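These notes are about the structure you will find just below.
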Amino acid sequence: MSQPTAAAASSSTATAIPIPAADGYKIHKPYNAKAQARDCCNCIFFLIFALALACAVPAVTRALIYLQPALPAVAVISSAVTVRNVSDSLITASWDVTFTLSNPNDRGFFYERLVAYAAGGGGAAGGHRIANVTLPPFRQAGRAAATLSASFPSLKFVVNDCAANRTILRPCAPAPLSLQVEPAAVYERWTWPWKGDVVVAECDVKEVAFRPRVTKLELGPASCRSDGRWRRLEVKCRTIFWNYVYVAGMCLAILAFSL
């Protein structure tokens, strides 16, 4: 009875399959379609979010630039100073100025307030204001220009050692004189963040040189520069836009070279 047992044992030993070691075998995870689709959706969402974030700054700055109207433009056509009175140290004169106020936009402006100033003293800021004239409010259509006049009847000029006995004896030292125009403009199209703006236009300084036996001095035309919140916001947005484009271009160039 012992012989069959030994034969069976040897038979079982011979048919046993050895289990190899785990080293050298890769265990593959089962394919999961839902997980792969979720990863793909996350990747697409991240790309869309990154693209929207990259385009947000240029889009906002360009929109703000588009919403800001161009400032009214001022230019002096002619001006003349007429001597009214002469004392030993003071000359009183009137100043008549003709200038244009232009609207470079497609939509109109309504000028709620329009003030013209005579400024003396010169300097980078156009000098200090010595007289003013308030002009009536009016509406100006788009792409239009209006010719306006301002008269300052009594400007006083301090002179030294060139006038005596109510007479100008010799040429006086030049006195600086300039025009400043301040329109409070409301634009007729929707703008943001300001519907209106108080624009300040400063014109070139003219030298008034009183001379003997000359009672009227023609100062001629002058160019002017306008400034206001609309223009300052536009300049700031343009600076941000182009700086952002420059930085984004540099990042893309670095990324392209690194690939």
Side-chain angles (χ1 to χ4, degrees), residues 53-77 79 97-150 152 176-206 221-248:
L53 188 63
C55 296
V57 173
V60 171
T61 53
R62 295 303 299 181
L64 286 174
I65 291 172
Y66 172 76
L67 290 175
Q68 309 312 308
L71 299 181
V74 177
V76 176
I77 300 175
S79 65
V97 186
T98 302
F99 62 94
T100 59
L101 182 63
S102 305
N103 178 9
N105 303 282
D106 294 330
R107 299 294 182 88
F109 275 129
F110 179 72
Y111 300 107
E112 297 179 326
R113 181 174 57 86
L114 183 60
V115 184
Y117 296 91
H128 58 277
R129 295 170 175 176
I130 56 179
N132 67 83
V133 174
T134 301
L135 302 177
F138 69 97
R139 180 190 176 277
Q140 187 176 41
R143 306 292 178 181
T147 301
L148 305 173
S149 305
F152 304 93
L177 184 64
S178 64
L179 177 70
Q180 297 180 9
V181 182
E182 191 175 272
V186 177
Y187 195 44
E188 294 184 347
R189 190 197 71 188
W190 183 79
T191 61
W192 192 87
W194 306 293
K195 181 66 176 176
D197 191 7
V198 178
V199 181
V200 178
E202 296 183 351
C203 303
D204 293 338
V205 177
K206 294 292 185 177
S223 59
C224 309
R225 296 154 301 281
S226 299
D227 192 19
R229 295 184 300 181
W230 286 331
R231 192 194 72 84
R232 289 193 294 269
L233 180 59
E234 180 182 350
V235 170
K236 186 180 297 184
C237 289
R238 288 187 184 277
T239 302
I240 294 174
F241 175 81
W242 288 114
N243 287 342
Y244 187 87
V245 170
Y246 174 76
V247 172

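Numbering starts at 1 and runs along the sequence shown. Just so you know, these numbers come straight off a predicted model, no measurement behind them.
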Checklist outcome for this item: Gly142 and Asn103 have their tightest heavy-atom pair at CA-ND2, 3.5 Å

Item to check | Nearest-0.5 Å distance, OG of residue Ser102 to CZ of residue Phe109 | outcome: 11.0 Å

Item to check | Nearest heavy-atom neighbours spanning Leu135 and Phe99 | outcome: CD1-CZ, 3.9 Å

Checklist entry - What's the spacing between Arg225 CZ and Cys203 SG if we round to 0.5 Å? => result 7.5 Å

Item to check | Point-to-point distance, once rounded to the nearest 0.5 Å, from CZ of Arg231 to OG of Ser226 | outcome: 9.0 Å

Checklist entry - Mind checking whether Cys224 and Leu179 have side chains closer than 4.5 Å, heavy atoms only? => result no

Checklist entry - Taking atom NZ of Lys236 as the centre, does the number of heavy atoms from other residues, nucleotides or ligands within less than 6.0 Å exceed 12? => result no

Item to check | Side chain proximity check, Leu67 to Tyr187, heavy atoms < 4.5 angstrom | outcome: no

Checklist entry - Are there more than 12 heavy atoms of other residues, nucleotides or ligands under 6.0 Å from atom CZ of Arg107? => result no

Checklist entry - How many angstroms lie between atom CZ of Arg238 and atom CG of Asn243, to the nearest 0.5 angstrom? => result 13.5 Å

Checklist entry - Just by distance, do the side chain of His128 and the backbone of Ala119 share a donor-acceptor pair under 3.5 Å? => result no

Next on the checklist: Show the nearest heavy-atom pair for residues Pro58 and Phe241, with the distance to one decimal.
Outcome noted: CB-CE1, 3.7 Å

Checklist entry - Could you give the distance from CD (Glu234) to CD1 (Ile65), rounded to the nearest 0.5 Å? => result 6.0 Å

Item to check | Donor-acceptor under 3.5 Å (Asn105 side chain, Ala70 main chain) | outcome: yes

Item to check | Spacing of OG1 belonging to Thr134 relative to CD belonging to Glu182, to within rounding of 0.5 Å | outcome: 10.0 Å

Item to check | Contact check, side chains of Leu101 and Phe138, non-hydrogen atoms, under 4.5 Å | outcome: yes

Checklist entry - Got a donor-acceptor contact below 3.5 angstrom from the Asp227 side chain to the Val200 backbone? => result no

Checklist entry - Are Val198 and Arg113 side-chain neighbours, meaning at least one heavy-atom pair lies under 4.5 Å? => result yes

Item to check | Shortest non-hydrogen contact between Asp204 and Ser178, atoms and distance | outcome: O-CB, 3.8 Å

Next on the checklist: Could you tell me if the side chain of Leu71 sits less than 4.5 Å from the side chain of Asp197, heavy atoms only?
Outcome noted: yes

Checklist entry - Considering only heavy atoms from C-beta outward, does the side chain of Pro193 approach that of Leu233 to under 4.5 Å? => result yes

Item to check | Residue pairs passing the side-chain hydrogen bond (donor to acceptor under 3.5 Å, both in side chains) test where at least one lies in residues 61-77, sequence neighbours excluded | outcome: none

Checklist entry - Does a side-chain heavy-atom distance below 4.5 Å link Pro72 with Tyr111? => result yes

Checklist entry - Would you say Leu148 and Val181 make side-chain contact, with heavy atoms under 4.5 Å? => result no

